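All of these numbers come straight from a predicted model, not from anything done at the bench. Only this structure's heavy atoms are used, side chains among them; waters, hydrogens and symmetry mates stay out.
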Amino acid sequence: MEHHEHHTHHQGDEHHMHNQQSNHVHSGHGTHHHDHHAMMIRDFKKRFYINTVLSIPVLAFSKMIQGFIGLSFSFPGMEIVAAALATFIFIYGGWPFLKGLKDELSESGPGMMTLIAIAISVAWAYSSAVILGLEGKVFYWELVTLIDIMLLGHWLEMRSIMGASKALQKLAELMPSEAHKVESNQVLDVKISELKKGDIILVKPGEKVPADGKITEGESDLNESALTGESKPVQKAKGNDVIGGAINGDGSIKVKVTSSGEDSYLNKVIKMVEEAQQTKSKTQNLANKAAGWLAYIAIGVGVLTFVVWAFFTNQGMDFALERMVTVMIITCPHALGLAVPLVVAISTALSARNGLLIRNRTAFENSRKISAIVFDKTGTLTEGNFGVNRIKVFNGQKEDEVLALAGAIEQNSEHPIARGIVKEVKRRNLDLPNSSDFSSTKGKGVSAKVSGSDYRIVSPGFLKDEGIDVPEEVNSDQVETVVFILKEGTLIGFIALADQIRKESKAAIAALKDKGVKVLMATGDNEQTAKAVADALNLDGYYSQVLPHEKSELIESLQNDGEFVAMTGDGVNDAPALAKANIGIAVGSGTDVAAETADIILTESSPSDIANLILFGRATYKKMVQNIVWATGYNVIAIPLAAGVLFYQGVMINPAVGAALMSLSTIICAANAQLLRLNFQKNKVR
Ligand code: ADP
Ligand code: MG
């Protein structure tokens, strides 16, 4: 099943990350991890600058470069100075690659590092032998430029990862920075930094626990997988400890703070997103695989070339050696070190700037395959900012009393409807009664005890299931979302709320349909409201009164029909479907559980960014593949020619031509990656 496949890939990627990046990313944690990363970036940068400066004389002293620019000068000992500088660069600048060679060989098999390390070692050793008297040519300028370009590539790649995690940090600060503090019967939203030991806080369903503490009321399943690695939610009740950063399940709990959490908690969030950023996509790994193959080819063809020329012709040892070195150096593609990092750097920066936070790069690149997208309504296509339109009460109840009662119950809920009701209670300055034993049923409603009676606030679907008639008064010509209030199973009133369609939704839907994507909506809301929104936005189809598990079943059935499905949602009720979809997209202003389940987060909460995502995923993937081809493709011609296959026909690549070819492919890759910006600016949906 797609679902399983999806997750296996994800894990696979993470695994790769530890292997392939182990040369510059340690598996440290928290801030230590962050600092270490920043230090590595500074290190690459320093090596790059120092080497580049020292490379200038090496280039200037090379007869070949002098020939290129039509200059000629020399002084006694010039070769020795060049050799000394090149040797320093080889050791100092080449160090990360030599170390990487060791790591790759002991961990994951040859890759980019191996190839670079072999090429620079062979070039250096051979050139040094020539300086010491062996007949042949030196390869110093090729050696130093190769090292410079590779350092630049690695520096850029690491910086792009860092840059993205800065954007993540911004989001992390934005998202769960508030806690609900309970004072007498009131719930106040306060900054996490203002929490003190001993404060009582309320944690609503689907929210992250903002600080470490002990449960004083309520019970719930808590998912601590991001913190402890335990993937099954743990059931907790009064007296149990909870860890800041754990995700609350369906219950609402009150927690007494034992250690105020800002530092530890935010760091945990940052660590989580940072690690997600460091997972490499399959395409990124493709570049490394290509490098691995080239390493084998470089060694194989190099040795073969040497053997053939040395033992089966009378060209002599030095000629044979020179051919071998040329082959090895030419096989090492300068451009491959830049081809993919440049695209990744540009695409992460651009997407972060355009409201897309990528948690899973494979999913991002796969976004080009999206053929159907299922939107949640509330909070995604609409603002999720409900206002109370009307309140109707039955059996002699008072409007304000019913509203206050609803508010007392709903202040435990994270749902946009609940927020709308609580807002109205505040506006009318009502006093809240005491409520207890709150529980929520995803997609159906909530229940609690108030002054000894059981109350429910539920959807029309719930009424139907219970065989309760929906009152006449519900019908109106307005598009409303209606919730019903039941006391001990009898209807005592209803509250009608209204939401607005996001202003970006229409253009976004049109752009998606334009790309041939089927646009559907699945909502837990009633038929009438669903239809009104679907009509207003001209959707391809919609499903109303959908329960959370039905959302994910819907995704599955679309997948069975061969669609590549993206799901967009914001709520607790959307999380299962976000996980099931090929690509889960969370709205940044939504709940923590949605964000944590998703592959991509829309930081601006704008549906038009999804159209951009597809466009952008497509362009990024195409550029990566193009660049890998540009970076390695020239080898098909260059390697045989460098080996001297056509020597007797008078055609042979000398190192100069090889170097020119390599530079050309590097320039093409760099320019090609830059085109991504233009492409994006031109086609962006606003
Ligand atoms: P959507 O798919 O539009 O985001 P949900 O699945 O979250 O909607 O909710 C479906 C329906 O369940 C709502 O329209 C409402 O009738 C009911 N419901 C959900 N949560 C609550 C709540 N906290 N209070 C009252 N009713 C709720
Ligand atoms: Mg929703």
Q. Between Lys487 and Asp454, is there a side-chain N and carboxylate O pair less than 4.0 Å apart?
A. no
Q. Tell me, do Ile495 and Phe484 make a side-chain contact under 4.5 Å, heavy atoms counted?
A. no
Q. If we only count heavy atoms from C-beta on, is the Leu195 to Val190 side-chain gap below 4.5 Å?
A. yes
Q: Decide whether Glu480 and Asn389 meet the rule of one side-chain donor and one side-chain acceptor closer than 3.5 Å.
A: yes
Q: Carefully, step by step, assess Leu463 and Val458 under the rule side chain to side chain contact (heavy atoms under 4.5 Å, CB included).
A: CA-CA 7 Å; Leu463 286 198; Val458 293; 4.2 Å; yes
(Q) Do Leu222 and Val242 have side chains that approach each other closer than 4.5 Å (heavy atoms only, starting at C-beta)? (A) yes
**Q.** pair Met567-Asp574: side-chain heavy atoms closer than 4.5 Å
**A.** yes
Q.
Under a 3.5 Å distance rule, please check whether Asp599 uses its side chain to pair with a backbone N or O of Gly584 as donor and acceptor.
A. yes
Q: Working to the nearest 0.5 Å, report the span between CD of Glu207 and NE2 of His180.
A: 3.5 Å
(Q) Any side-chain to backbone donor/acceptor pair from Thr620 onto Phe616? Under 3.5 Å, distance only. (A) yes
**Q.** Closest heavy-atom pair and its distance - Ser413, Pro205
**A.** CA-CD, 4.3 Å
Q.
Is it the case that the side chain of Ser552 and the backbone of His549 share a donor-acceptor pair, with hydrogens and angles ignored and the cut-off at 3.5 Å?
A. yes
**Q.** Neighbour count above 12 (heavy atom, 6.0 Å) for Lys423 NZ
**A.** yes
Q. If you look at every heavy atom in Val393 and Val402, which pair is closest and at what distance?
A. CG1-CG2, 3.5 Å
Q: Take Lys191 and Glu194 through the test salt bridge (charged side-chain N to carboxylate O under 4.0 Å, His left out) and record every step on the way to the result.
A: CA-CA 5 Å; Lys191 290 230 164 59; Glu194 288 164 18; 5.2 Å; no
Q. Does the side chain of Thr529 come within less than 4.5 Å of Asp499's, by heavy atoms?
A. no
Q: Given side chain to side chain contact (heavy atoms under 4.5 Å, CB included), test Leu486 with Glu466 step by step and report yes or no.
A: CA-CA 11 Å; Leu486 304 176; Glu466 296 287 296; 5.6 Å; no
Q: Measure the spacing between OG of Ser220 and CD1 of Ile215 and express it to the nearest 0.5 Å.
A: 7.5 Å
(Q) Treating Ser459 as the side-chain partner and Phe462 as the backbone partner, does any N or O pair qualify as donor plus acceptor under 3.5 Å? (A) yes
Q | For Ala598 against Ile585, the heavy-atom pair lying closest together | A | CB-C, 4.1 Å
Q | Arg361 side chain to Ser347 side chain, donor-acceptor N/O pair below 3.5 angstrom | A | yes
**Q.** Distance (rounded to the nearest 0.5 Å) between Ser367 OG and Ile614 CD1
**A.** 6.5 Å
Q | Thr258 versus Lys214, closest heavy-atom pair with distance | A | CG2-N, 4.3 Å
(Q) Give me the atom names and distance for the closest heavy-atom approach of Leu432 to Gln411. (A) CD1-OE1, 3.3 Å
Q) Run the salt bridge (charged side-chain N to carboxylate O under 4.0 Å, His left out) check on Asp189 and Lys181 step by step: do they pass? A) CA-CA 6 Å; Asp189 286 346; Lys181 188 169 153 188; over 6 Å; no
Q: Report yes if some heavy atom in the side chain of Val587 is under 4.5 Å from a heavy atom in the side chain of Arg502; otherwise report no.
A: yes
Q: Could you check Glu414 against Lys204 for salt bridge (charged side-chain N to carboxylate O under 4.0 Å, His left out), going step by step and ending with a plain yes or no?
A: CA-CA 6 Å; Glu414 86 301 343; Lys204 300 180 185 181; over 6 Å; no
Q | Of Leu381, Val374, Ile373, the residue whose pairing with Val519 passes side chain to side chain contact (heavy atoms under 4.5 Å, CB included) | A | Ile373
Q: Apply side chain to side chain contact (heavy atoms under 4.5 Å, CB included) to Asp241 and Asp212, showing your working.
A: CA-CA 8 Å; Asp241 289 327; Asp212 297 346; over 6 Å; no
Q | Minimum heavy-atom distance Val203-Lys208, with the two atoms named | A | CG1-O, 4.2 Å
Q) Between Ser447 and Ser439, does any side-chain donor sit less than 3.5 Å from a side-chain acceptor? A) yes
Q: Go through Ile421 and Phe386 one step at a time and tell me if the side chain to side chain contact (heavy atoms under 4.5 Å, CB included) criterion holds.
A: CA-CA 8 Å; Ile421 292 175; Phe386 281 98; over 6 Å; no
(Q) Are the side chains of Leu497 and Val483 in contact, using a 4.5 Å heavy-atom criterion? (A) yes
Q | Check: Gln545 side chain, Asn526 main-chain N or O, donor-acceptor pair, under 3.5 Å | A | no
Q) Looking at side-chain heavy atoms only, is the closest gap between Ile201 and Lys254 below 4.5 Å? A) no
Q. Would you say Asp609's side chain and Leu356's backbone share a donor-acceptor pair under 3.5 angstrom?
A. no
Q | Between CD on residue Glu183 and CG on residue Asp199, distance to nearest 0.5 Å | A | 7.5 Å
**Q.** Any donor-acceptor N/O pair, Asp376 side chain to Gly379 backbone, under 3.5 Å
**A.** no
**Q.** Asn412 side chain to Ser252 backbone, donor-acceptor under 3.5 Å
**A.** no
Q) How long is the span from the OG atom in Ser440 to the CD1 atom in Ile409, to the nearest 0.5 Å? A) 12.5 Å
Q. Is it true that a side-chain atom of Glu553 and a backbone atom of Glu550 form a donor plus acceptor pair closer than 3.5 Å?
A. no
Q | Qualifying residue, where the test is side chain to side chain contact (heavy atoms under 4.5 Å, CB included) with Val446 and the options are Glu410, Arg456, His415 | A | Glu410
Q) Between the main-chain N or O of Lys580 and the side-chain N or O of Gln559, is there a donor-acceptor pair closer than 3.5 Å? A) yes
Q.
Please report the interatomic distance NZ(Lys236) to CG(Asp221), rounded to the nearest 0.5 Å.
A. 11.0 Å
(Q) For Gln397, is the CD atom crowded, meaning more than 12 foreign heavy atoms sit under 6.0 Å from it? (A) yes
